[in-house]
Structures are given as C-alpha cells and as structure tokens.
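In what follows, a structure is listed as structure tokens, so that the remarks can point back to it.
In what follows, every chain begins at residue 1, and chains take the letters A, B, ... in the order their sequences are listed. Note that the structure is predicted; figures quoted are calculated from it, not measured.
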Number of protein chains: 2
Amino acid sequence: MSELLQTVEWEAGRVRLIDQNALPAELKYVELEDWRQCAEAISTMVVRGAPAIGCTAALAMAMAARMLIATDRTLFLQRLETVASALKAARPTAVNLAWAVDRLMRLATETQGTTADLKEVIQETAVAMLQEDVEINRRMGRFGADLLPEQGGVLTHCNAGALATVGYGTALGVIRAAKEQGKQIEVFADETRPRLQGMKLTAWELIREGIKVTLIADNMAAALLQQGKVQCVVVGADRIAANGDTANKIGTCALAIVASHYHVPFYVAAPVSTFDMNLPNGSGIPIEERNPEEITHIAGERIAPVGVQVWNPAFDVTPACLISGFITEQGVLKPPWPDSLASLQTRNSAAT
Amino acid sequence: MSELLQTVEWEAGRVRLIDQNALPAELKYVELEDWRQCAEAISTMVVRGAPAIGCTAALAMAMAARMLIATDRTLFLQRLETVASALKAARPTAVNLAWAVDRLMRLATETQGTTADLKEVIQETAVAMLQEDVEINRRMGRFGADLLPEQGGVLTHCNAGALATVGYGTALGVIRAAKEQGKQIEVFADETRPRLQGMKLTAWELIREGIKVTLIADNMAAALLQQGKVQCVVVGADRIAANGDTANKIGTCALAIVASHYHVPFYVAAPVSTFDMNLPNGSGIPIEERNPEEITHIAGERIAPVGVQVWNPAFDVTPACLISGFITEQGVLKPPWPDSLASLQTRNSAAT
C-alpha cells in the first residue's frame with residue numbers, strides 16, 4: 001500500500017497542491033505563492049472536490065492575510081473581505097468553499113488584537129483545518145464502513161477520495177475504512193463525464209492502494225445493478241440543503257434513481273460543513289455550468305461536430321427521498337428527513 | 001436541408017458504405033468488393049445500427065453468392081451457409097443481422113433452379129431490402145410522429161438515424177416525420193459513451209438537416225428531465241424479445257428508468273425485423289462485450305490509469321415494463337405486453 005496522498009499542504013507560507021489535471025499520467029505538485037493563484041487553481045480544477053477546495057481557500061485566506069500591509073484593523077478586515085468574496089466566486093456550487101472562507105472571516109472579525117494577531121490566528125486555524133479534514137474523514141469512514149456489506153460491490157461516482165479532500169476521502173474514505181476492517185469490497189467506478197474524474201482520479205487512487213476497481217462508463221450503472229453486482233452506492237456531496245436534497249457531480253441523480261429502482265442503498269458521505277441549513281431545499285442550490293468544450297473536446301481534440309449546442313451543468317440535485325443515509329463525522333443519518341437532519345450540530349461545527 | 005444520407009448502397013456488385021468511424025470530421029465512403037470486407041466493416045463499426053448492419057449483411061450475401069464458383073446446388077448452398085454463419089458472428093446482439101442473412105438463406109434454399117438463378121434472386125432481394133428499409137422507416141416515422149408533442153424536447157440515445165439504417169432512421173425517422181408535420185421539436189442527444197455515436201453521428205446528422213440539437217453527457221439526462229425540458233424519449237433497438245424486453249445501446253436501460261421516474265413516455269422505434277419471437281424474454285439476448293480500450297482510450301490517447309480493469313458491455317436490456325410503446329412499420333404497440341406484441345405480423349415480415 002502506497003503512502004496516503006496529501007492533496008493540500010501548507011509549507012512555509014506556500015500552498016502545495018497535487019495537480020489533478022496532470023493525473024493519472026503524472027503525480028505532480030504545484031506550489032502557489034499568492035491567494036489569486038489559489039483561486040485560479042480552484043476554478044481551473046487543479047484542485048477539486050468540496051472539502052479540498054474548502055481547505056485550499058482557507059490557506060488562500062491565510063496567505064492573503066499574511067501579505068496584507070494594512071495595520072489598521074478595519075482596513076485589514078475590509079481588504080480580507082474582498083479576498084473572501086473573490087475566493088467564494090471561484091466555484092459556486094460546493095458550499096464548503098464559502099463555509100471555510102466565512103469561518104476564517106468570522107474568526108478574524110471576532111478576534112481581538114492587532115492585525116499581526118489576526119494574521120497569526122487565521123493562519124493557525126487554516127492550517128489546523130487540514131488536519132481536522134483528515135480526522136473528519138476518518139471518523140466518517142468508521143461510521144460509514146458499518147453500512148457496507150462484508151463482501152460485495154460498491155459503486156461510486158466522480159472522485160470523493162483522498163484527492164477530493166486533504167487526504168483519505170469521504171466516499172472512498174468509507175471504502176478505505178471498510179477495507180481496513182477486513183471487508184471484501186470490490187469498487188466499481190463511473191468514469192464521470194465530462195471531466196472523467198472517476199477514470200482519471202478514483203481508478204488511479206484505488207489502484208495505487210491495491211483496492212480492486214473496475215471502470216465503467218456512466219451509462220453502464222443500470223446494467224451493473226440489474227445484474228446484482230453492486231450491493232451499495234456511496235458518493236460525496238457538494239452542498240446539502242436542510243431537507244436533504246443533495247447537489248453532487250452531474251450524474252449522481254440518475255444513479256440515485258437507478259439505485260432506488262433496484263432497491264440498492266444509496267449513501268452520501270459528506271462532512272457537516274457540506275450542509276447548508278440556510279437553504280430549505282435543493283432548488284436554491286446554484287448549479288455551475290461549465291465550458292461546452294469539456295464535452296465537445298477530449299484530450300484537446302474536437303470530437304463533436306462544429307456548431308453543436310451543448311448543455312454542461314457540472315452538478316445535479318438528488319432529491320432527499322432517493323437517499324438512504326448521510327454518512328457524517330457525527331454519525332449516520334437516516335430518513336425520515338428533515339427530522340434527522342435537524343439533529344446535526346451544524347452551528348458547533350461551523351463555529352470557530 | 002441537405003440531401004438524405006444513403007448509408008448503405010449497392011453499386012454494380014460493390015457495397016458502398018458511409019465510413020462512420022470518420023464522422024463527424026469527414027463524410028467519407030468506403031467501397032467493399034468482398035463479403036469478408038463487409039463482415040469486417042460490421043465488426044469494426046464502419047457501419048453500425050441494427051437495420052444498417054442487416055442490409056450490409058444482405059448485400060454481403062449477394063456478393064458472396066455472385067463469387068461462388070460452385071455449379072452444384074447443394075455445394076453452393078453449403079458454401080453460402082458458411083458465409084451466412086460468419087456474417088452472423090460479426091456482431092451478436094442485433095437480431096436484424098441474423099434476420100437478413102437467414103431470410104436470404106431461406107430464399108436460396110426454397111428457390112428452384114440453377115445456381116445462376118439463385119445468385120440472381122439473392123441479389124435482387126438483397127438490393128430490394130435497401131429500398132424496403134427506407135420505406136419501413138418512413139412508415140414508422142408517420143406512426144411515431146403522432147406520439148410526439150406539438151412543441152417540446154425529445155431525448156434520444158446513441159444513433160438511430162439515417163446512419164443506423166439505409167436512410168431516414170428509426171428513432172430519428174420519427175423525429176424527422178414530426179418535423180415534416182410541422183411540429184416544433186428540439187432534440188437532446190446523449191453523447192453515448194464509450195463510442196460517442198450520439199455526439200459524432202446523431203448531432204452531425206441533425207445539424208446537417210437544420211434540426212435543433214443539444215448535446216449532453218449521458219449522465220445529464222436525469223437533470224434534463226427533472227427540469228421538464230423533455231416531453232418524450234425515443235430510442236432504437238437491437239433486439240426485442242417476445243415479452244417486449246429490449247436490447248439497445250448501453251445506457252438505454254438507465255434512461256428508461258429515469259424516464260419512468262419522471263413520468264416521461266419512453267418509446268422504442270424498431271422495424272418488425274428487430275423482434276425475436278424465439279426468445280421469451282430479454283435474459284436470452286446475447287450481450288456483446290467490446291474492447292476495454294473503447295473506454296480507456298479516447299481519440300487514440302490513453303486516458304485511464306494503466307492496469308485498470310474495465311467492464312464494457314455494448315448493450316443493455318430494458319425491461320418491457322419501462323417501455324411506453326413500440327413504434328413499428330405496422331403501427332404503434334402499447335401495453336399490456338405481450339398481448340399487443342403477439343399481434344405483430346412477424347412471420348409475414350420475416351418471410352421472403
């Protein structure tokens with residue numbers, strides 16, 4: 001088994017990221033020296049996955065704070081707020097990004113002292129969030145592993161692994177934990193068009209650890225479930241509304257409908273920071289639409305006919321009624337929603 | 001509007017095919033001089049689509065018959081039978097291939113006369129099947145067009161167009177007929193991994209005719225239906241069992257489940273030659289598994305990590321209970337199955 005991946009790192013004032021656009025051909029790192037580079041790394045998907053972009057944005061806030069020359073506290077906070085807004089705009093759907101940035105902004109506002117004190121506490125907290133993320137994933141993994149069969153197939157979509165977090169992963173963390181418990185799990189990975197994170201990242205991550213993985217095209221999941229090869233589905237999430245409606249990578253909703261049709265349990269593994277209790281349901285979740293070239297071009301080459309119109313939403317919303325359980329660091333939540341969701345300690349978790 | 005595509009042609013003893021592997025970059029034709037080249041064109045998908053491979057195989061039989069030097073009738077039929085078996089093995093799932101070949105084999109066996117007479121009747125019938133295919137498609141189109149909304153979105157999967165037939169198309173024939181009737185139809189086309197026939201062929205074919213088409217990744221269909229953008233789904237078929245279970249391009253079953261979930265009608269457009277009344281249900285339909293490189297490589301480039309295991313079935317089976325209607329040249333069949341299916345004149349149709 002290879003060493004655990006560290007997707008997001010802080011090294012003496014710099015942010016070090018695994019360049020996910022270079023995988024699986026090459027495991028390459030990029031070093032960022034400025035918060036704007038972090039924002040760009042988020043929007044160009046050098047780093048992706050709700051928890052990973054949250055932590056990257058937190059480090060970007062620490063970087064920006066360090067570099068601010070304002071000694072006036074009000075001016076410092078104003079300028080930091082500008083940075084916070086720009087970071088939050090880098091990608092709209094995953095709430096962890098806004099959650100991390102807002103957490104640090106609130107911390108700065110509430111902390112007494114000089115701007116030097118603020119810089120210190122922001123950096124300390126941002127760096128601590130990396131370790132916290134891995135711990136949360138490991139806790140989720142232990143809770144979620146109990147839901148997996150002793151032996152069987154688990155289907156996942158996109159990448160909710162070490163590469164989508166600081167390390168260990170949400171959905172893949174649950175699979176890792178089940179393997180650590182000795183369960184005989186075989187993973188099926190949707191390739192996840194258009195950007196193929198399942199093919200490029202999930203398959204790579206699992207092969208690297210010696211976990212058996214079979215790649216399928218997204219449209220093969222129904223045939224797989226029809227043949228009884230999958231005992232449960234586990235995915236991550238980008239934003240979960242108060243009623244349990246869940247935004248995740250495009251294709252998740254189809255998978256949930258298919259799983260429900262075949263009576264296969266469908267679990268969402270996500271830290272509490274993914275829950276947006278300000279939204280009553282999924283209709284309020286902003287869905288990012290990305291460049292049509294993600295569909296029309298593959299590996300830099302145009303595949304589609306010239307002039308074709310394209311619809312390319314990056315996420316979809318799975319209605320809560322199709323979800324069998326949420327695996328969080330506070331335990332597993334089960335229907336009926338939203339009663340069980342109301343039990344989440346989101347305030348404690350969001351508070352600094 | 002461009003001239004109607006002629007996907008399969010007979011020209012003075014040669015078979016002329018549109019090279020579908022060259023689309024959409026180039027509209028290029030290949031000329032085949034030998035039945036073995038036809039078998040290879042079928043297995044390498046230079047020509048694909050159940051009706052188109054049926055007609056190509058019929059012409060291949062005519063070619064093989066012409067070239068047989070046996071004047072002894074029994075020997076002639078024996079040798080032709082060898083050709084028939086090889087052609088049928090080129091692709092296992094679509095029954096139209098076997099149907100066309102068996103039809104000519106039966107004709108040869110039942111025809112009195114010299115081997116020269118047999119050669120003539122085989123060629124005449126094979127060539128007539130091309131025109132027959134277009135006429136069948138036009139009849140299906142007229143029946144099916146009535147099912148489409150006056151105005152709205154129609155989702156299709158893979159390519160069941162002019163390129164999947166001799167011309168006009170099955171599912172796209174229905175859309176063409178609806179447009180000819182003045183209906184305001186907007187088409188949504190699944191890209192159809194792994195071979196991207198929706199992106200490369202359906203989008204190209206519709207753009208060429210000025211029919212509005214929007215391309216999506218296969219996994220986006222659920223979000224599209226959730227948003228009410230689609231009023232009905234129409235697909236083709238490769239083999240339909242006596243109870244209505246339908247084998248079609250991988251991804252069709254997921255689409256049928258999603259359509260059923262959102263109460264969107266799901267229609268299968270297929271000539272009667274696609275019905276295999278010898279199979280009581282879909283479990284007996286052979287499902288072709290193709291090369292893993294169709295998934296791991298795109299545009300000749302490896303995308304997937306080395307060593308990943310792949311599952312690549314080319315078709316899946318949609319249970320009859322998820323199908324709202326079969327559009328055939330004999331009319332539209334509606335549930336309950338298999339009562340309505342029993343009304344099909346398959347014997348007349350299969351008879352020469």
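Interface remark: of the candidates A/Pro194, A/Gly307, A/Ala223, A/Ala223 forms the most heavy-atom pairs closer than 4.5 Å to chain B. With respect to chain A, the highest number of heavy-atom pairs below 4.5 Å among B/Ala189, B/Pro24, B/Ala217 belongs to B/Pro24. Residue with the most contacts toward chain B among A/Met220, A/Gln227, A/Gln226, A/His261: A/Met220 (heavy-atom pairs, distance under 4.5 Å). Per-residue heavy-atom pair counts under 4.5 Å with chain A were compared for B/His157, B/Met199, B/Arg302, and the maximum is reached by B/Met199. In terms of heavy-atom pairs under 4.5 Å with chain A, the best-connected choice from B/Val306, B/Val258, B/Ile287, B/Leu255 is B/Val258. Interface check for chain A: of the options B/Leu224, B/Thr192, B/Leu196, the most heavy-atom pairs under 4.5 Å are formed by B/Leu224. Looking only at heavy-atom pairs under 4.5 Å with chain A, the residue among B/Asp316, B/Ile250, B/Val310, B/Asp218 that has the most is B/Ile250. The candidate from A/Val308, A/Leu225, A/Thr252 with the greatest count of non-hydrogen atom pairs under 4.5 Å with chain B is A/Val308.
Annotation: the span from A/Asp276 atom CG to A/Arg239 atom CZ amounts to 5.0 Å, rounded to 0.5 Å. Note that CD1 of A/Ile298 is 12.5 Å distant from CZ of A/Arg195, once rounded to the nearest 0.5 Å. Atom CG in B/Leu172 sits 5.5 Å away from atom CG in B/Asn159 (nearest 0.5 Å).
Taking the side chain as every heavy atom from C-beta outward, B/Lys200 and A/Pro305 never approach each other to under 4.5 Å.
For the pair A/Cys253 and B/Tyr262, the tightest heavy-atom approach, listed with the atom from each and the gap, is SG-OH, 3.6 Å. Among all heavy-atom pairs drawn from B/Asn219 and A/Arg193, the shortest one is ND2-O, 3.0 Å.
With a threshold of 4.5 angstrom between heavy atoms, B/Ala221 does not approach chain A through any atom at all. Using a 4.5 Å cut-off between heavy atoms, B/Glu294 does not touch chain A at all. Only the side chain of B/Lys212 has a heavy atom closer than 4.5 Å to any heavy atom of chain A. Only the side chain of A/Ile207 comes within less than 4.5 Å of a heavy atom of chain B; its backbone N, CA, C and O stay farther away.
With no hydrogens or angles considered, no side-chain donor-acceptor pair links B/Arg48 and B/Asn21 at under 3.5 Å.
Although no hydrogens or angles enter the test, the distance criterion places a donor-acceptor pair under 3.5 Å between the side chain of A/Gln231 and the main chain of A/Gly228.
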